[in-house]
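Let me begin by presenting the structure, written as structure tokens, before commenting on it.
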Amino acid sequence: MRPWECIFSPIFREAPCRRRLSRLLKSCPRNTRRKVMQLVSVKKALDGSIPAATHVEMRGWVRTRRDSKAGISFVNVTDGSCQDPIQVVAPAALANYQTEILRLVAGCSVVVRGTLVKSQGKGQSYEVQADEIVVVGFVDDPETYPIQPKQHTLEFLREVAHLRPRTNTFGAVARVRHSAAMAVHRFFTEEGFFWVNTPIITASDAEGAGQMFRVSTLDLANLPRDDKGKIDWHQDFFGKETYLTVSGQLNVEAYCLALSKVYTFGPTFRAENSNTARHLAEFWMIEPEIAFADLNDDANLAERFLKYVFAAVLKERADDMKFFEERVQKGVTARMEKFIDSSFERLDYTEAVSILQKSGKKFDYPAEWGRDLQTEHERFLTEEHVGRPVVVMNYPEVIKAFYMRMNDDEKTVAAMDVLAPGIGEIIGGSQREERLDRLDARMTKMGLHPEHYAWYRDLRRYGSVPHAGFGLGFERLIVYICGLQNIRDAIPYPRVPGLAQF
RNA sequence: UCCCCAGUAGCUCAGUCGGUAGAGCAGGUGGCUGUUAACCACCGGGUCCGCGGUUCGAGUCCGUGCUGGGGAGCCA
């Protein structure tokens with residue numbers, strides 16, 4: 001990069017910025033202006049990949065400022081590229097020292113140019129001796145700027161969702177989220193899977209996974225009616241009732257029965273009125289689907305998958321994991337390391353119920369064959385009884401979805417839940433019913449109309465094969481990795497009943 | 001949706017028996033220092049969530065609404 005080339009980047013197109021820059025440039029000594037300037041991230045400046053004495057430009061936001069009347073100020077600047085800020089040493093000789101540098105507070109945006117040097121002080125490897133600090137944006141009314149260099153509650157930060165990414169915690173969550181998402185894609189790619197983008201708008205009205213959000217362009221104040229006075233959905237955008245998807249599974253099965261190994265990774269919507277630390281109305285779901293595979297193959301895939309993603313995050317985001325360890329939940333790193341090192345226990349549902357009944361432990365709801373396992377049951381199994389991740393398999397038919405494969409006992413279906421210590425259920429999956437007659441029977445029994453699933457039934461008519469898959473809520477994975485308590489902190493802009501503010 | 005808890009300064013909180021409001025941080029001013037969420041002094045800053053009630057008097061007690069949190073159900 002040529003000297004000062006960076007000032008022509010889009011951020012400085014606004015006239016006031018350009019004028020300020022050109023004024024500052026004119027005031028710079030000639031030799032300074034000729035120095036070769038390298039635009040670097042805070043991460044690169046701190047990790048040793050840039051040699052000392054390099055002339056650098058950095059752009060970011062002020063975290064803290066400390067003044068020393070020995071003639072310098074220390075300005076900690078972060079650009080989000082890593083957990084740590086870089087310390088910028090601002091000498092009083094800077095042209096704008098009195099007028100601007102001493103007015104810097106948390107949140108101000110700055111462009112810093114200077115020399116990267118090994119730090120004289122403790123607490124950081126490198127620092128920048130500034131030749132120039134351009135204040136790009138001050139903070140209006142610093143007293144009311146919500147993000148202060150102190151501990152805020154996560155509840156408060158949810159109310160300022162547009163500013164919370166500037167905090168340590170949410171910067172770390174965002175970086176971990178990215179790292180985990182990339183690891184998901186990498187894992188599947190390395191295993192020969194293809195990413196399939198299933199539709200977000202769907203006409204399947206009974207996928208059996210909960211309340212759906214309606215999608216419509218009709219005028220709510222003036223709905224078209226048919227002769228019987230019912231809403232005439234033929235006049236709606238798609239000519240029929242449509243909703244936001246609650247799962248990409250049915251659609252991805254079609255691609256599975258052509259490309260063999262596929263997965264979805266996209267937004268999913270549930271209009272349930274559930275107000276808990278584990279539910280979102282809009283979340284990202286990962287749903288792999290494998291052909292010529294049974295429930296055991298599915299469980300094995302889930303195990304390899306989780307371990308791969310955890311290992312990737314531990315390796316790539318050690319700095320952020322250290323932060324979560326120290327400030328959010330002690331033991332998160334060890335928990336993941338243990339997870340990676342342990343083999344998953346396989347347990348039959350029937351066996352699990354029997355273990356629970358014989359445990360002698362008092363549950364609020366006693367375990368009973370034919371009823372779903374309660375959160376307290378799941379946690380007992382994975383945390384106390386086994387002490388590592390557990391896959392519970394083969395649940396009673398009556399508590400599971402229509403597409404799950406009937407077992408030979410005619411009482412259970414090939415479903416599985418992966419339970420993890422510290423969180424409970426993290427993955428739900430199943431082998432799918434590939435036999436058309438059994439699928440139809442199951443749908444009818446559950447009050448669904450096979451004719452509404454014509455295309456899904458076709459998959460069983462034309463070259464049907466055993467196949468299986470599972471679903472994983474991405475935010476639940478993030479909650480587990482980061483040691484968070486509430487899923488609303490694992491997604492940038494949480495959507496829950498009564499809240500879609502940002 | 002059900003059960004429980006909370007709401008006081010920009011933020012985190014204290015506020016005794018019902019007697020007219022406090023600290024730390026943040027902000028401003030000054031001092032000091034290669035500082036480390038610096039330190040010291042001073043200053044400014046309040047619809048005590050809203051509404052209604054009890055009382056001579058309510059941040060405090062009662063009712064109600066709103067908002068937030070925890071737990072349950074549903075689930076990923």
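The sequence lines fix the lettering, A, B, ..., with proteins before strands; numbering per chain opens at 1.
- Side-chain contact between A:F502 and A:P492 is absent, with no heavy-atom pair separated by less than 4.5 Å.
- With sequence neighbours left out, A:N407 forms a side chain to side chain contact (heavy atoms under 4.5 Å, CB included) with A:N394, A:D409, A:T412, A:A414.
- Scanning residues 82-93 of chain A for heavy-atom distances under 4.0 Å to RNA chain B yields A:Q87, A:V89.
- Contacts of residues 149-160 of chain A with RNA chain B (heavy atom under 4.0 Å): A:P149, A:K150, A:Q151, A:H152, A:T153, A:E155, A:F156, A:R158.
- Taking the six-membered ring for Trp, A:Y453 and A:F402 have ring centres closer than 6.0 Å.
- Base pairing analysis places B:C39 opposite B:G31; the two distances defining the Watson-Crick or G-U wobble pair are each below 3.5 Å.
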Under 3.5 Å, N/O pairs linking protein and nucleotides 3-7 of chain B:
none

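- Summarising the geometry, the separation between CD1 on A:I101 and C1' on B:U35 is reported as 16 Å, rounded to the nearest angstrom.
- A distance of 6.0 Å or more separates the ring centres of A:Y263 and A:Y255.
- Residue A:Q124 is in base contact, counting any heavy-atom pair closer than 4.0 Å across all strands shown.
- A distance of about 22 Å separates the C1' atoms of B:G30 and B:A37, rounded to the whole Å.
- The OH-P distance, from A:Y145 to B:A37, rounds to 19 Å in whole Å.
- Here, B:G53 and B:G70 have their P atoms 35 Å apart, quoted to the whole Å.
- As judged by a 4.0 angstrom heavy-atom cut-off over every strand, A:Q501 is placed among residues making no nucleic acid contact.
- Counting heavy atoms from C-beta outward, A:F138 and A:L104 have side chains that approach closer than 4.5 Å.
- As the counterpart of B:U47, no nucleotide is assigned, since no Watson-Crick or G-U wobble pattern has both distances under 3.5 Å.
- At B:G28, none of the side-chain N or O atoms of A:R103 fall inside 4.0 Å of OP1 or OP2 (strictly under the cut-off).
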Every protein N/O within reach of nucleotides 64-66 of chain B N/O, cut-off under 3.5 Å:
none

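- Distances shown here put a side-chain N or O of A:N486 below 4.0 Å from the OP1 or OP2 atom of B:G70.
- Counting any heavy atom pair closer than 4.0 Å across all strands shown, A:R488 reaches sugar-phosphate atoms only and no base atom.
- Where A:H279 and A:N273 each meet RNA chain B at their nearest nucleotide, the meeting point lying more 5' is that of A:N273.
- When Watson-Crick and G-U wobble pairs are counted only if both distances are under 3.5 Å, B:A26 pairs with no nucleotide at all.
- If you take CD of A:E326 and C1' of B:A37, they are 14 Å apart, rounded to a whole angstrom.
- By the 6.0 Å and 45° rule, A:R495 does not stack over the aromatic ring of A:F269.
- B:G7 and B:G63 are spaced 16 Å apart, taking the P atom of each and rounding to whole Å.
- Ion pairing between A:K361 and A:E376 fails under the 4.0 Å rule for side-chain N and carboxylate O.
- Within the 4.0 angstrom heavy-atom criterion, only backbone atoms of the sugar-phosphate kind lie near A:I426; the bases stay farther away.
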Under 3.5 Å, which protein N or O atoms sit close to an N or O of nucleotides 29-33 of chain B? Give each pair with its distance.
unit_1: B:C32; atom_1: N4; unit_2: A:K69; atom_2: NZ; d: 3.2
unit_1: B:U33; atom_1: N3; unit_2: A:D67; atom_2: O; d: 2.8
unit_1: B:U33; atom_1: O4; unit_2: A:D67; atom_2: O; d: 2.7
unit_1: B:U33; atom_1: O4; unit_2: A:S68; atom_2: N; d: 3.3
unit_1: B:U33; atom_1: O4; unit_2: A:K69; atom_2: N; d: 2.6

Taking distance alone, no hydrogens or angles, what donor-acceptor pairs closer than 3.5 Å link side-chain atoms of residues 417-431 of chain A to residues at least two apart or in another chain?
unit_1: A:D417; atom_1: OD2; unit_2: A:Y395; atom_2: OH; d: 3.2
unit_1: A:S430; atom_1: OG; unit_2: A:R432; atom_2: NH1; d: 2.6
unit_1: A:Q431; atom_1: OE1; unit_2: A:L295; atom_2: N; d: 3.2

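- Rounded to whole angstrom, the span from the CG atom of A:N275 across to the C1' atom of B:C74 amounts to 13 Å.
- Summarising the geometry, the separation between CG on A:L419 and P on B:C75 is reported as 15 Å, rounded to the nearest angstrom.
- Here B:U67 sits opposite B:A6 as a Watson-Crick or G-U wobble pair (both hydrogen-bonding atom distances under 3.5 Å).
- Side-chain N/O atoms of A:E376 and base N/O atoms of B:G71 include no donor-acceptor pair closer than 3.5 Å.
- Mapping A:E425 and A:L499 onto RNA chain B by nearest heavy atom places A:L499 closer to the 5' end of the strand.
- Comparing the P positions of B:U29 and B:G68 gives an interatomic distance of 37 Å, to the nearest angstrom.
- Residues A:E345 and A:T382 are not in side-chain contact: their nearest non-hydrogen atoms beyond the backbone lie 4.5 Å or more apart.
- Taking the six-membered ring for Trp, A:F363 and A:F380 have ring centres closer than 6.0 Å.
- Here the C1' atom of nucleotide B:C75 and the CZ atom of A:F269 are 17 Å apart, to the nearest Å.
- Comparing B:G27 with B:G45, their C1' atoms sit 9 Å apart, to the nearest whole Å.
- A straight line from CZ of A:F323 to P of B:A37 spans 13 Å, rounded to a whole angstrom.
- At a threshold of 4.5 Å between non-hydrogen side-chain atoms, the residues A:I101 and A:N96 count as touching.
- Take A:F283 and apply the side chain to side chain contact (heavy atoms under 4.5 Å, CB included) test, not counting sequence neighbours, and it matches A:T268, A:R270, A:L280, A:M285, A:E475.
- Under the salt bridge (Lys or Arg N to Asp or Glu O under 4.0 Å) criterion, the residue pairs touching residues 323-332 of chain A are A:K322-A:E326, with sequence neighbours excluded.
- If you check every strand for non-hydrogen atoms under 4.0 Å, A:Q129 touches a base.
- Judged by Watson-Crick or G-U wobble contacts below 3.5 Å, the nucleotide B:A72 has B:U1 as its partner.
- B:U36 and B:A72 have their P atoms separated by 45 Å, with the value rounded to a whole Å.
- The separation of B:C56 from B:C48, taken at their P atoms, amounts to 23 Å, rounded to a whole angstrom.
- The salt bridge (Lys or Arg N to Asp or Glu O under 4.0 Å) analysis of residues 483-493 of chain A, with sequence neighbours excluded, yields the pairs A:R158-A:D489, A:R164-A:D489.
- For residues 299-313 of chain A, the set of pairs meeting the side-chain hydrogen bond (donor to acceptor under 3.5 Å, both in side chains) definition, not counting sequence neighbours, comprises A:R186-A:Y308, A:E190-A:Y308, A:E191-A:R304, A:N300-A:R346, A:E303-A:K307, A:E303-A:R346.
- Side-chain proximity of A:P142 to B:G27, B:G69, B:A38: nearest is B:G27.
- B:G65 and B:A6 are spaced 16 Å apart, taking the C1' atom of each and rounding to whole Å.
- No hydrogens or angles were tested; on distance alone, a donor-acceptor pair under 3.5 Å links the side chain of A:E143 to the base of B:G44.
- Contact check, A:R66 against B:A38: a side-chain N or O comes under 4.0 Å of OP1 or OP2.
- Looking at heavy atoms from C-beta onward, A:W369 lies in side-chain contact with A:K411 at the 4.5 angstrom threshold.
- When the salt bridge (Lys or Arg N to Asp or Glu O under 4.0 Å) test is applied to A:E433, the partners found at least two apart in sequence or on another chain are A:R435.
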